[in-house]
Each structure stands twice: as C-alpha cells, then as structure tokens.
Participant: 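First the structure, then my questions, so here it is.
FYI, side chains are in, hydrogens and waters are out, and symmetry mates aren't considered; it's all heavy atoms of this structure. Letters A, B, ... are given to chains in the order of the sequence lines, protein chains preceding strands, and every chain is numbered from 1.
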There are 2 protein chains.
Amino acid sequence: MAIETIKWAKGTARIIDQTKLPNKFEYIYCRDVDRMWHAIKRLEVRGAPAIGVAAAFGVLLGIQRFKGQDKAKFLKLFHKACDYLATSRPTAVNLFNMLNAMRGVVARNPQADVVSLKKLLFKEAMAIFKADQDVCRRMGDYGAKLITNGMRCLTVCNAGALATVDYGTALGVFYSAKRQGKRFSVHSCETRPLLQGARLTCWELLRQKIDTTLICDNMAASLMGKGKVDIIFAGADRIASNGDTANKIGTYMLAVLAKHHRVPFYIVAPRSTFDLAIKSGKQIPIEERKSDEVTHFAGIPTAPKGVKVYNPAFDVTPAKLITGIVTEYGIIQPPYVKNIAVSLRGAEGDAAIY
Amino acid sequence: MAIETIKWAKGTARIIDQTKLPNKFEYIYCRDVDRMWHAIKRLEVRGAPAIGVAAAFGVLLGIQRFKGQDKAKFLKLFHKACDYLATSRPTAVNLFNMLNAMRGVVARNPQADVVSLKKLLFKEAMAIFKADQDVCRRMGDYGAKLITNGMRCLTVCNAGALATVDYGTALGVFYSAKRQGKRFSVHSCETRPLLQGARLTCWELLRQKIDTTLICDNMAASLMGKGKVDIIFAGADRIASNGDTANKIGTYMLAVLAKHHRVPFYIVAPRSTFDLAIKSGKQIPIEERKSDEVTHFAGIPTAPKGVKVYNPAFDVTPAKLITGIVTEYGIIQPPYVKNIAVSLRGAEGDAAIY
C-alpha cells in the first residue's frame with residue numbers, strides 16, 4: 001500500500017493531513033503532544049486504529065523532551081500526556097486502549113528509572129504501530145473469504161489504509177480480495193458531513209484500481225432496493241461485549257436497510273476496537289461535533305444562519321443487525337455475547353490487546 | 001407566506017433563483033421558453049407543483065410573441081414549446097399534467113382562432129397558478145390533523161412554499177399546524193447532493209418561526225433509533241395509481257427506516273402529482289443527474305478525479321411503506337389501488353386535474 005498514514009521519525013510523528021485529501025497530499029509533523037491532540041481532534045488523523053497509534057505516539061511526544069532522573073516528575077508528565085490525549089475524541093476505544101497499553105508499561109515496571117521507562121514506552125509505541133499492519137492483513141484475509149467474483153459491495157466512511165497505520169479494516173477486505181485476483185465492485189457512501197467516503201475511500205480504492213462508484217448516503221437505500229448491493233462492510237470505533245457497534249454516523253442506517261433488503265452486513269475491526277468492559281452499545285459515548293461541519297462547506301454557508309443542528313459523529317448498530325464481525329482471529333458470528341468472549345478473551349491470553 | 005416562488009407579470013415569468021438560497025435572494029425573469037427550460041433543468045425553480053406552473057408559464061412564453069392569424073403556424077409553435085418543456089425534467093408528473101392541461105385547451109377549442117387561443121391559454125395558465133395555493137392550503141389543513149402538541153416531525157428535501165406557487169405540500173402541513181397554534185418541532189434532512197433541505201426547507205421554516213433542526217441524511221436513522229421522530233412528512237414528484245411514490249432521493253430510505261422504527265410515514269401531494277395512467281412505481285422514469293453535483297461543491301472537488309458516480313435525483317417508495325397520502329381531497333389510506341381511484345377519479349369528475 002505504502003500510504004504511511006502515520007509514521008514515527010526522529011522524535012516526530014508524521015501524519016498525512018486527511019482534511020486536505022484528495023485535493024492535496026500534505027504531511028503534518030507533530031513535534032509535541034498538543035499538536036497531536038489537535039491533529040486527532042480536527043480529524044487530520046482519524047480512523048479508530050490510526051488514532052490508537054496516534055495516541056501512543058502522542059505520549060512519546062509528551063515525554064521525549066523530559067530531562068533528568070526525577071521519576072515522580074516524569075510520571076506526572078506522562079500521566080498528564082495520557083489524560084490530555086484521552087480528551088481528544090470520546091468514541092473510538094482504540095484511543096483509550098492504546099493509552100492503557102502505554103500506562104501498562106509504567107504499571108508493570110515499578111522499579112524502572114526514567115531512562116528505562118522512556119525506552120520501554122518507545123518500544124511499546126513501536127509495537128503498537130507494527131502490530132497494526134499485521135492485524136489488518138489478517139482481517140483482510142478473513143474478510144476476503146466473503147467476497148466472490150462479481151460481488152457488488154458497499155462501504156461507508158473510510159475504514160482503509162488512512163484509518164490505520166497502513167492497509168485498513170473494511171477496505172483491507174477489498175485489498176485482500178483484489179490481491180487474490182477476485183473481481184468485484186464497490187459503492188462508497190460519501191459520508192456526510194466530512195465526506196470521508198468521497199474524499200478518502202474513493203481516493204484509496206482508485207489507487208488500488210478497484211472498480212469504485214461514489215454515492216450520496218441517501219442513495220444507499222435506492223441501490224439496495226434495486227438489488228444492486230450483495231454485501232456491506234463497515235469499520236468500527238467501539239464494539240461492546242454484546243456486539244453492539246459504534247461506527248461513523250450512517251452505519252446504523254445501512255444496517256437497518258440491509259436487514260430490510262436481506263443484504264449481509266459485516267463489521268471489520270481488530271481486537272483493539274472491542275471494549276469488553278461494557279455490556280452494550282448504550283454505554284458508548286457518542287461524540288457530537290460542531291454545527292458548522294453541517295452548515296458550511298469550505299467556509300460557504302449551506303444553511304440559513306441560526307438554524308439548530310444535530311451532528312453526532314457516530315451511531316450505534318445493535319448486534320442483532322450485524323451478520324458477522326471480521327477480526328484478526330476470524331469471523332465472529334452470533335450469538336455475540338458468547339462468541340466474542342470465546343474469540344477475544346482467549347486472544348487476551350496472548351496479551352493481544354493490539 | 002408571501003414567498004412568491006413563481007409569478008407572472010407583464011409577459012414575464014418571475015421566479016426566485018433557488019440555487020442561490022439561503023445566501024442570496026434573487027429573482028430570475030424568464031422572457032422566453034428557452035430560459036424557462038433552463039430554469040427548470042438547473043433547478044432554479046424546482047418542486048413538482050412549482051415546475052407544473054413553470055411549464056404552463058413556459059408555454060405562454062413560447063407563444064406570446066406570435067404575430068398574425070396563421071393558426072397552423074401558431075399550433076406548431078405551441079406544440080414545439082410543449083414538447084420542448086417536456087424534455088426539461090422527466091420524473092415530476094406535474095410538468096406533464098400541466099402541459100396536457102394546456103394542450104387540452106387547444107384540443108377542446110378546435111374552432112378558436114389564434115387570438116382566442118392565446119387568451120384561453122393565458123386563462124388556463126393563470127387558473128393552474130391560482131389553483132395551487134388553494135390546493136396547498138387544503139392539503140395543509142388535512143395534514144395538520146395528524147400533528148398533535150409536542151410532536152417531533154421529520155421531513156426531506158423541500159416540499160414547501162418554494163416547491164409550489166406559495167405554501168407547500170409537506171411543509172404546508174406544518175404551516176397549517178402552526179397557524180392552528182400547535183406546538184411541534186421539525187428535523188430537516190439536508191438532502192444531498194443539492195441540499196434543498198438545508199438551504200430551502202430550513203430557510204422557510206425559520207421564516208415561519210417553526211422549531212427547526214438540521215441533520216445530515218445519514219443521521220435520520222440514528223434519530224429514529226433514539227425514539228426522537230414521531231411522524232414523517234414528504235412530498236412527491238409522481239404517484240402511481242397503486243400509491244407507489246417517486247420523490248427526492250432519500251425518501252425511500254426514510255420510509256424503510258420508518259417501517260423499522262414504527263414511525264408513521266406520510267406523503268403530501270396534490271391531485272396533479274398522481275399519474276393514474278401508470279400501474280406502479282416501476283413505470284416512473286427516474287432522472288439521473290450529472291456527477292459533478294456529487295463530486296464538487298461550489299467548484300471545489302470533494303472526491304478524487306475520475307471516480308464514477310451514481311446520482312439518481314429520485315427514488316420510488318413502494319405504497320406498502322406509506323401510512324397515508326395527504327391530498328386536497330383528504331387523507332388516502334390503504335388499500336391504495338381502490339382508495340386512490342375512489343378519491344381521485346371522483347375528483348376528476350369536477351375536472352380537478354390541478
């Protein structure tokens with residue numbers, strides 16, 4: 001793929017500025033935790049797995065310039081960075097899982113001095129980074145088993161290379177299927193208000209020479225009604241232990257439409273997107289974003305001044321509408337409470353939180 | 001209301017340029033049939049009832065400068081204007097119904113000379129124009145019976161004063177309810193790609209001081225899932241004799257979501273939107289519009305160059321998903337084949353094609 005959504009290089013976290021794509025391909029160089037916080041907040045880096053890695057890198061940015069051996073001061077700085085990054089976005093659990101992974105390093109090494117802790121934290125962040133590609137490939141290969149020649153697929157938002165370190169979750173399925181020589185086509189929902197489907201997914205899929213058609217979100221129903229959708233793949237920002245899945249706004253819409261039209265609806269997400277501490281989707285906090293994302297485009301008003309706006313960034317799809325969840329350990333099918341526990345709690349045995 | 005979407009004045013059809021709203025309120029003065037054709041095509045005037053009136057006025061523009069008494073030449077010019085206007089947009093049947101009404105004047109008056117025909121056609125166009133307001137008020141009053149205090153309503157696209165001569169179909173229901181002193185709120189789907197919901201419906205509803213919240217189309221499912229929608233009202237561009245209804249893309253989406261969430265889903269449309277010559281929605285031609293409506297905003301690309309686009313302007317909602325159809329003769333309920341015939345074929349008895 002070689003998109004390199006996020007990369008650590010010489011004390012800097014380099015990210016692709018996703019707010020500029022597809023018109024401009026520009027890098028942002030984050031040199032301190034504050035810049036990374038804003039990069040996550042503004043969606044310059046986005047996608048649940050990618051912001052997990054961004055958070056881990058953000059912690060490194062927060063501690064790397066610490067001088068001296070005062071461990072209490074170091075830990076204060078470390079936890080401050082973690083706490084701060086945790087406030088950037090509320091829904092994707094990868095962010096919190098990766099901050100917890102970083103905190104785990106500190107917790108597991110109470111005797112380590114500042115120099116050792118810095119090294120261990122660096123190592124942990126790099127492990128998080130490196131795990132992502134492998135995990136994506138494994139998900140892609142499992143998911144690709146669901147794609148047969150001639151299939152007409154549908155996806156929403158961007159669950160691709162740009163949402164991960166490199167390769168993607170839902171789009172990773174398409175990349176694996178393409179690598180295997182399968183013929184299929186993809187409709188991409190544009191994904192209002194920020195158009196990640198139009199701007200990012202179409203850009204990625206065209207780069208990979210995948211047959212891609214863009215639609216507005218409100219056209220998906222019509223497409224399904226005409227029998228032109230065989231399967232749907234979406235990513236996830238947080239999956240509860242019962243399978244309820246938070247993902248980009250519009251995902252729940254697709255799931256309800258899929259049920260009505262008897263179209264299989266799959267979620268593709270790694271272990272790090274599961275939140276086994278919560279029982280159901282009701283416990284997932286849903287980020288509401290500013291109204292101007294809906295009322296303006298490129299600074300131009302698209303609605304009358306003063307109109308109220310409801311702008312949730314995510315919705316929750318109940319597990320009962322999900323045909324299966326593709327993970328790096330295989331495809332989990334209902335009943336989810338049991339099967340998620342069996343698939344992933346076992347996986348935790350080998351410490352595979354990421 | 002006094003919006004005056006379309007008005008005839010001194011040989012000119014004056015229309016509000018709806019592509020500029022809400023940022024600019026500008027009139028376009030159509031002085032010939034060609035300008036009116038483009039106004040309809042470009043959606044400067046839009047909404048099924050409004051383009052019916054626009055078509056009738058377009059015919060007047062086509063014939064008004066005809067000099068002399070050569071009736072064959074006059075009729076050639078007249079039919080050329082009708083045929084030309086009929087190519088402007090394919091889905092809304094009001095356009096064709098009103099052109100047929102104009103043609104009916106000629107057919108019913110074979111002995112009339114050019115001067116008389118011009119007078120009769122002018123009279124017909126004005127009757128079409130004047131009927132619209134009365135018809136809208138009657139629909140609004142019938143529909144308002146469905147609204148009770150505290151109701152949270154949802155609508156899509158613009159089925160308001162701007163879609164008619166003045167008052168509206170679906171929004172006319174809100175205006176009647178408001179006039180009756182009822183308290184209620186409305187969520188307006190922005191309606192991609194051309195944002196008629198954001199630009200036009202919010203503008204109209206705020207003018208009438210109705211509690212209005214804008215959402216992206218892909219948020220309607222989430223809103224219904226949270227139990228925050230009590231009733232849905234949509235307009236129509238063509239209704240088949242079995243009740244299948246073509247309306248702005250995204251309407252079918254709302255109808256499927258409404259069924260899943262057990263939310264009543266109503267269509268509001270006048271007699272002139274029914275096409276009793278067709279048996280079902282399968283016979284309704286669906287306009288597909290240019291890809292740049294989806295891939296660009298205000299000239300700025302929002303998708304990578306070269307991506308394919310599917311951009312149907314309408315979808316068809318099967319009658320079985322429609323709770324009722326509010327017309328100027330009352331609310332038609334299932335079974336539609338029988339009840340539409342009873343309600344409207346009777347109405348045709350008093351020649352109420354418009």
Side-chain angles (χ1 to χ4, degrees), chain A residues 21-23 156 187-193 195 198-199 202-203 205-207 211-225 248-257 259-261 286 291 294-295 297-298 300-312 314-316 318, chain B residues 21-23 156 187-193 195 198-199 202-203 205-207 211-225 248-257 259-261 286 291 294-295 297-298 300-312 314-316 318:
Chain A
L21 285 172
N23 298 328
V156 58
H187 275 88
S188 169
C189 291
E190 63 174 4
T191 318
R192 282 282 291 157
L195 302 172
R199 295 188 301 106
C202 289
W203 181 78
L205 294 176
L206 289 189
R207 271 173 64 107
D211 181 354
T212 305
T213 304
L214 173 63
I215 58 168
C216 297
D217 305 307
N218 57 8
M219 297 168 186
S222 169
L223 208 62
M224 286 188 229
K248 178 54 55 192
I249 188 73
T251 305
Y252 171 58
M253 166 192 83
L254 292 182
V256 172
L257 296 173
K259 185 193 171 196
H260 182 84
H261 297 95
I286 298 296
S291 61
V294 178
T295 58
F297 182 85
I300 304 165
T302 55
K305 212 175 163 179
V307 71
K308 286 190 285 185
V309 173
Y310 174 55
N311 183 21
F314 304 94
D315 56 27
V316 175
Chain B
L21 285 173
N23 298 326
V156 58
H187 274 87
S188 168
C189 291
E190 64 173 7
T191 317
R192 282 282 290 155
L195 302 172
R199 295 189 301 105
C202 290
W203 181 78
L205 294 177
L206 289 188
R207 270 173 66 106
D211 181 354
T212 306
T213 304
L214 173 62
I215 57 168
C216 296
D217 306 306
N218 58 8
M219 296 167 186
S222 170
L223 207 62
M224 287 188 228
K248 177 54 56 190
I249 189 75
T251 305
Y252 171 59
M253 168 193 81
L254 292 182
V256 172
L257 296 173
K259 184 193 171 199
H260 182 83
H261 297 95
I286 298 297
S291 62
V294 178
T295 57
F297 182 86
I300 303 165
T302 56
K305 211 175 163 180
V307 71
K308 287 191 286 186
V309 172
Y310 174 56
N311 184 21
F314 304 94
D315 56 29
V316 175

Participant: For each of A:Ile286, A:Leu21, A:Asp315, A:Leu206, tally heavy-atom pairs with chain B at distances under 4.5 Å, and name the one with the top tally.
Facilitator: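 Sorted descending by pairs with chain B, the first entry is A:Leu206.
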Participant: So which of A:Ser291, A:Pro193, A:Gly306 has the largest heavy-atom pair count under 4.5 angstrom toward chain B?
Facilitator: A:Pro193
Participant: Flag the one option from A:Gly250, A:Pro304, A:Ala221 with the top tally of heavy-atom pairs under 4.5 Å to chain B.
Facilitator: A:Pro304
Participant: Hey, does the Lys NZ or Arg CZ of A:Arg199 hover above the aromatic six-ring of A:Trp203, less than 6.0 Å from the centre and inside 45° of the axis?
Facilitator: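 Verdict for A:Trp203: no cation-pi partner in A:Arg199.
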Participant: Ignoring hydrogens, what is the shortest heavy-atom contact between B:Ser222 and A:Tyr252? Give both atom names and the distance.
Facilitator: N-CD2, 3.9 Å
Participant: Most heavy-atom pairs under 4.5 angstrom with chain A, which of B:Cys202, B:Gly225, B:Pro301?
Facilitator: B:Pro301
Participant: Judged by atom type as modelled, is there a donor-acceptor pair below 3.5 Å linking the side chain of A:Asn218 to the main-chain atoms of B:Met253?
Facilitator: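 Side chain of A:Asn218 to backbone of B:Met253: no pair is present.
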Participant: Do the side chains of B:Ile215 and B:Cys189 get nearer than 4.5 Å, heavy atoms only?
Facilitator: yes
Participant: Among B:Ser188, B:Pro312, B:Ala255, who wins on heavy-atom pairs under 4.5 Å with chain A?
Facilitator: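 Greatest number of close heavy-atom pairs with chain A: B:Pro312.
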Participant: Identify which part of B:Pro22 has an atom lying under 4.5 Å from any heavy atom of chain A, answering side chain, backbone, both or neither.
Facilitator: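 For B:Pro22, side-chain heavy atoms alone lie under 4.5 Å from chain A.
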Participant: With salt bridge (charged side-chain N to carboxylate O under 4.0 Å, His left out) as the rule and sequence neighbours excluded, what pairs involving residues 301-312 of chain A come up?
Facilitator: A:Lys308-B:Asp211
Participant: Report the option among A:Ile249, A:Val309, A:Asp217 that has the most heavy-atom pairs separated by less than 4.5 Å from atoms of chain B.
Facilitator: A:Ile249
Participant: What part of A:Asn23 is in contact with chain B, defined as an atom under 4.5 angstrom from a non-hydrogen atom: side chain, backbone, both or neither?
Facilitator: side chain
Participant: Show the nearest heavy-atom pair for residues B:Tyr310 and A:Met219, with the distance to one decimal.
Facilitator: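 Result for this residue pair: O-SD, 3.2 Å.
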Participant: Taking every non-hydrogen pair under 4.5 Å, which of A:Leu257, A:Thr251, A:Val156, A:Val316 racks up the most with chain B?
Facilitator: A:Leu257
Participant: Any donor-acceptor pair under 3.5 Å linking the side chain of A:Thr295 with the backbone of A:Thr302?
Facilitator: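 No, because the side chain of A:Thr295 does not come within donor-acceptor range (under 3.5 Å) of the backbone of A:Thr302.
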Participant: Relative to chain A, which of B:Thr212, B:Leu205, B:Leu195, B:Leu223 shows the most heavy atom pairs under 4.5 Å?
Facilitator: B:Thr212
